[in-house]
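One structure is given below, encoded as structure tokens.
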Amino acid sequence: MVAPLNHSVDLLRFNTCGSVDDGKSTLIGRLLYDSKSLMDDQLEALERSADITGGGQINLANLTDGLRAEREQGITIDVAYRYFATPRRKFIIADTPGHVQYTRNMVTGASTANLSVILVDARQGVIEQSRRHSCIASLLRIPHLVVAINKMDLVDWSESRYLEIRDQFEEFLPRLDMKDVQFIPVSALNGDNVVEPSPHMPWYHGPTLLGHLESVHIGSDWNLQDFRFPVQWVNRPNNPSDPALHDFRGLSGQIAGGIVRVGQKVMALPSGFTSTIKEIWTYDGSLQEAFCPQSVTLVLNDDLDVSRGDVLVSTDNLPGAGTDLHAKICWMHGRPLQPGRKYLLKHTTQTVQAVVTTIEHRINISNLEAEEGVSELVMNDIGEIRLRTSKPLIFDGYSTNRLTGSFILIEQGTNATVAAGMLHPPTEVATPEYKDFAI
Amino acid sequence: MSNYHLDHLQYLETEAIHIMREVAAEFERPALLFSGGKDSICLLRLAEKAFRPSDIPMPLLNVDTGHHFPELNEFRDRRAKELGAKLIVRTVEDAIAKGIATETPGQVSRNHLQIPTLLAAIEEFRFDCCIGGARRDEEKARAKERFFSFRDSFGQWDPKNQRPEIWNLYNARLNPGENMRVFPLSNWTEMDVWEYIRKEKLEVPKIYFSHRRQCVRRNGQWLPVNDLVPPKPNEEVKELVVRVRTIGDIISTGCVESPADSVDDIIAEIAVARVTERGSRADDKVSEAAMEDRKKAGYF
């Protein structure tokens with residue numbers, strides 16, 4: 001039962017990944033079913049479709065496979081989002097398909113996740129798919145990882161099999177830069193260790209999957225160190241009836257890093273003009289301070305020429321800047337990446353022209369090793385590239401800040417989103433364009 | 001927990017405000033779809049939060065099926081006036097009269113007639129973006145929808161060819177004639193919507209609360225008796241204490257028996273509900289893929 005939430009709870013976003021028959025959709029179905037998040041009409045619809053796809057048996061996978069082609073082919077085509085709540089937390093699940101050709105979907109689902117659940121079939125152990133999913137989670141710097149070893153019922157609930165798989169995985173872990181990894185033996189089909197502890201595996205003393213999802217600490221997943229405020233929209237009332245608003249000029253946006261306080265000195269980049277915060281305006285009244293990822297409207301004490309695409313930053317902690325960039329990208333389109341071709345690059349709130357100058361190498365996403373001598377990147381490839389932009393980007397390394405260190409590439413003409421990029425740490429700190437005015 | 005931490009409603013709110021502002025900044029002629037229903041009431045508050053103290057920089061648009069609950073239209077018009085917003089209403093009746101939309105015999109609702117009416121309004125005002133209140137938890141096909149949902153020049157959604165959405169970077173680029181539907185409430189659930197209504201003390205139309213109404217039992221639902229839904233000869237009309245959980249077309253929106261007459265009561269009722277919100281909408285029961293088919297044709 002979903003408890004009435006009269007107290008404040010937080011939100012955990014996670015994605016699930018596994019190979020075609022790892023039982024991923026079944027696991028999600030089980031989480032929803034056992035946490036009583038499924039409704040009678042959803043169960044009724046499942047029963048209606050049971051005869052078609054499940055041979056008369058209810059197929060929990062039909063809950064998440066929402067499109068007709070998916071039900072017909074028994075596959076998950078695209079990222080599907082699911083929602084459920086317990087008295088302790090609210091959850092958003094991004095269900096990402098496990099097929100080899102669908103790396104782009106996992107990157108999409110994982111980009112906003114606090115945690116990744118990787119499913120491993122206990123009969124098969126760690127296979128290339130499991131390594132790929134772990135590598136992608138690591139490249140995207142998802143803070144928390146759960147390895148759910150599924151189908152334990154089919155290996156006689158064997159502890160030695162569980163330990164064997166855990167060892168296989170741990171052997172591979174040092175390559176991944178993952179700090180928080182939790183192993184859980186489960187049977188999604190029967191529900192063991194999903195919501196309720198398993199009576200079949202008394203040797204396992206860790207949390208159930210839901211128990212872990214409810215308690216994992218996510219308070220420090222945002223960057224609260226370096227103040228970054230990409231200006232999204234300039235807020236200037238037209239003919240306001242309130243005379244106090246005649247000179248109102250606010251800068252609206254979502255704080256992409258750090259904390260901002262009234263009176264604090266800030267610098268606008270790329271110009272380098274500085275001012276201090278006069279007011280943190282919100283619809284619910286002014287604030288003394290605000291933090292990432294709040295959406296606010298900042299009013300400065302000086303009338304600076306600042307518009308969408310500019311960034312306000314703290315003066316004692318400057319980001320990087322430059323037109324020559326070094327990044328990892330995931331290619332997401334059928335037409336391969338062509339060095340020398342111009343793309344549009346969207347980074348925070350600005351879109352600039354960009355040209356990929358060099359493909360340095362492709363990253364083998366089964367072991368994170370570099371594959372040299374690559375002339376193009378095709379759909380689902382992840383590679384290391386250098387690119388040049390028409391205007392300097394004001395950015396941080398992706399490892400420091402997921403919001404100011406990420407970008408997408410857009411193909412001109414078709415407007416297709418063709419790549420997701422993660423910037424390397426800057427080699428040069430931003431210097432003001434107008435040095436005369438800088439402090 | 002540190003002080004610098006958002007709870008779930010604050011998180012959903014900042015995400016939605018960010019999306020609203022991206023729309024205002026990236027599109028030339030956006031509109032906000034406002035029906036007076038609970039989801040679009042939340043959208044309006046989020047628009048206020050995104051754009052005040054300025055005016056909301058886009059008109060409100062409603063596609064009126066002519067089968068709306070009268071309470072809803074009264075509320076819609078009054079709310080738009082209070083906000084000083086421009087409200088554009090285009091009706092299915094007009095679209096039928098002009099031959100843009102055609103009724104099919106035996107239809108369970110006029111939802112599919114909203115499609116050509118909406119597309120005609122988009123063309124008339126050259127809107128390049130419509131913000132809607134759809135949520136991914138409503139329906140399986142919606143669960144696959146993006147925040148920025150691209151529609152081709154026929155208004156069609158192609159679920160197999162959606163733009164990937166990564167981090168909070170939304171690709172808003174269009175060619176002439178193409179269109180975007182943007183759904184800031186994508187990540188909200190029915191419960192989140194009511195909790196937000198409670199937190200923000202938002203007014204909602206009275207039909208969401210318990211009231212007495214004449215109903216007939218049809219296809220497992222209580223349908224409100226009115227000019228458009230006359231009782232059939234063998235049907236017994238009952239006066240029940242009901243409320244509506246989701247508001248659609250008056251001929252297909254089932255009422256649920258409920259004593260809930262406050263937002264707190266509604267929240268408590270949803271918490272123990274055993275049927276989803278759209279379980280009371282006959283238009284979704286036509287087939288497994290009813291919503292998918294409507295969306296491919298241009299439904300919002």
Side-chain angles (χ1 to χ4, degrees), chain A residues 1-5 8-11 39-42 45 49 66-69 71 77-83 85 90 92 104 107-108 111-112 219 224 232-233 235-238 240 245 248 252-254 259 282-283 291 293-295 308 332 346 349 402-403 406-408 410 415-417 420, chain B residues 1-2 4-15 17-18 21-22 24-25 48-55 136-137 139-144 159-160 162-169 171 173-175 186-187 189 191-192 195 267-268 270-276 278-279 288-289 292:
Chain A
M1 187 181 92
V2 183
L5 295 158
S8 141
V9 295
D10 61 3
L11 182 73
M39 301 291 160
D40 292 344
D41 55 322
Q42 289 174 310
S49 64
L67 302 174
R68 190 180 276 146
R71 288 191 297 275
I77 288 174
D78 207 318
V79 189
Y81 295 89
R82 294 286 148 199
Y83 304 83
K90 292 226 169 192
I92 302 178
R104 75 169 209 169
V107 169
T108 303
S111 69
T112 49
L224 293 173
Q232 216 184 344
W233 192 73
N235 197 325
R236 293 186 83 162
N238 275 331
L245 291 174
F248 187 92
S252 296
Q254 185 173 30
I259 299 163
T282 77
Y283 180 84
F291 56 93
Q294 284 184 306
S295 286
R308 177 171 168 90
M332 299 183 149
K346 184 169 182 182
T349 58
R402 277 164 105 177
L403 298 177
S406 56
F407 63 86
I408 55 172
I410 299 165
N415 293 325
T417 302
Chain B
M1 210 177 277
S2 92
Y4 302 114
H5 192 75
L6 299 182
D7 69 25
H8 77 284
L9 282 183
Q10 291 168 326
Y11 175 84
L12 294 171
E13 181 184 73
T14 184
E15 179 181 71
I17 291 172
H18 172 79
R21 288 172 174 166
E22 281 300 282
E48 291 183 276
K49 293 209 178 192
F51 304 120
R52 293 294 187 222
S54 289
D55 293 335
R136 288 176 182 149
D137 84 321
E139 210 280 334
K140 286 202 286 191
R142 289 237 196 261
K144 309 247 158 171
K160 283 189 176 181
Q162 300 192 76
R163 293 177 179 176
E165 262 173 13
I166 315 118
W167 301 291
N168 63 350
L169 295 170
N171 174 357
R173 301 188 73 85
L174 297 172
N175 286 319
S186 289
N187 278 332
T189 63
M191 180 66 103
D192 297 329
E195 286 182 324
I267 288 172
I270 298 166
V272 296
R274 293 305 309 146
V275 181
T276 63
R278 293 191 84 95
E288 262 287 280
E292 183 181 345

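Treat the numbers as computed from the prediction; the structure is a model and nothing was measured. Residue numbers start from 1 in every chain, and the chains themselves are labelled A, B, ... in the order their sequence lines are given, proteins ahead of strands.
In this structure, chain B has heavy atoms under 4.5 Å from both the backbone and the side chain of A/Ser252. Contacts between A/Ala416 and chain B at a heavy-atom distance below 4.5 Å involve the backbone alone (N, CA, C, O). For A/Pro293, the parts sitting under 4.5 Å from any heavy atom of chain B are the backbone and the side chain alike. Within the 4.5 angstrom heavy-atom criterion, no atom of B/Leu9 approaches chain A. Both the backbone and the side chain of A/Tyr81 come within less than 4.5 Å of a heavy atom of chain B. Of the atoms belonging to B/Gln10, not a single heavy atom falls under 4.5 Å from chain A. Using a 4.5 Å cut-off between heavy atoms, A/Ile92 touches chain B through its side chain atoms alone.
Between chain A and the residues B/Glu165, B/Arg163, B/Arg136, the most heavy-atom pairs under 4.5 angstrom are made by B/Arg136. Taking B/Asn175, B/Leu12, B/Asn187 one by one and counting their heavy-atom pairs under 4.5 Å with chain A, the maximum is reached by B/Asn187. Among A/Leu245, A/Thr349, A/Leu11, A/Thr282, the residue with the largest count of heavy-atom pairs under 4.5 Å with chain B is A/Leu11.
The closest donor-acceptor contact from the side chain of B/Thr14 to the backbone of A/Ser295 lies under 3.5 Å. Distance alone, capped at 3.5 Å, is enough to place a donor-acceptor pair between the A/Asn235 side chain and the B/Arg52 backbone. Distance alone, capped at 3.5 Å, is enough to place a donor-acceptor pair between the A/Gln232 side chain and the B/His18 backbone. No donor-acceptor distance shorter than 3.5 angstrom exists from the side chain of B/Asn168 to the backbone of A/Leu403, with no hydrogens or angles considered.
Rounding to the nearest 0.5 angstrom, the gap separating the OG1 atom in B/Thr189 from the OH atom in A/Tyr83 is 9.0 Å. Atom CG of B/Leu169 is separated from atom CD1 of A/Ile408 by 5.5 Å, given to the nearest 0.5 angstrom. Annotation: the span from B/Tyr11 atom OH to A/Asp10 atom CG amounts to 11.5 Å, rounded to 0.5 Å. Going from atom CD of A/Gln254 over to atom CD of B/Glu22 covers 9.5 Å, rounded to the nearest 0.5 Å. With rounding to the nearest 0.5 angstrom, the NE2 atom of B/His5 is 8.5 Å from the CZ atom of A/Phe291. Rounding to the nearest 0.5 angstrom, the gap separating the CE atom in B/Met191 from the NZ atom in A/Lys90 is 6.0 Å.
The two residues A/Phe407 and B/Trp167 come nearest to each other via the heavy atoms O-CZ3, 3.6 Å. Minimum heavy-atom separation, B/Asp7 to A/Val9: CB-O, 3.3 Å.
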Intermediate values then yes/no, side chain to side chain contact (heavy atoms under 4.5 Å, CB included), A/Met332 and B/Ile166
CA-CA 11 Å; A/Met332 299 183 149; B/Ile166 315 118; 3.8 Å; yes

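Residues B/Leu6 and A/Gln294 meet the side-chain proximity criterion, which asks for heavy atoms closer than 4.5 Å.
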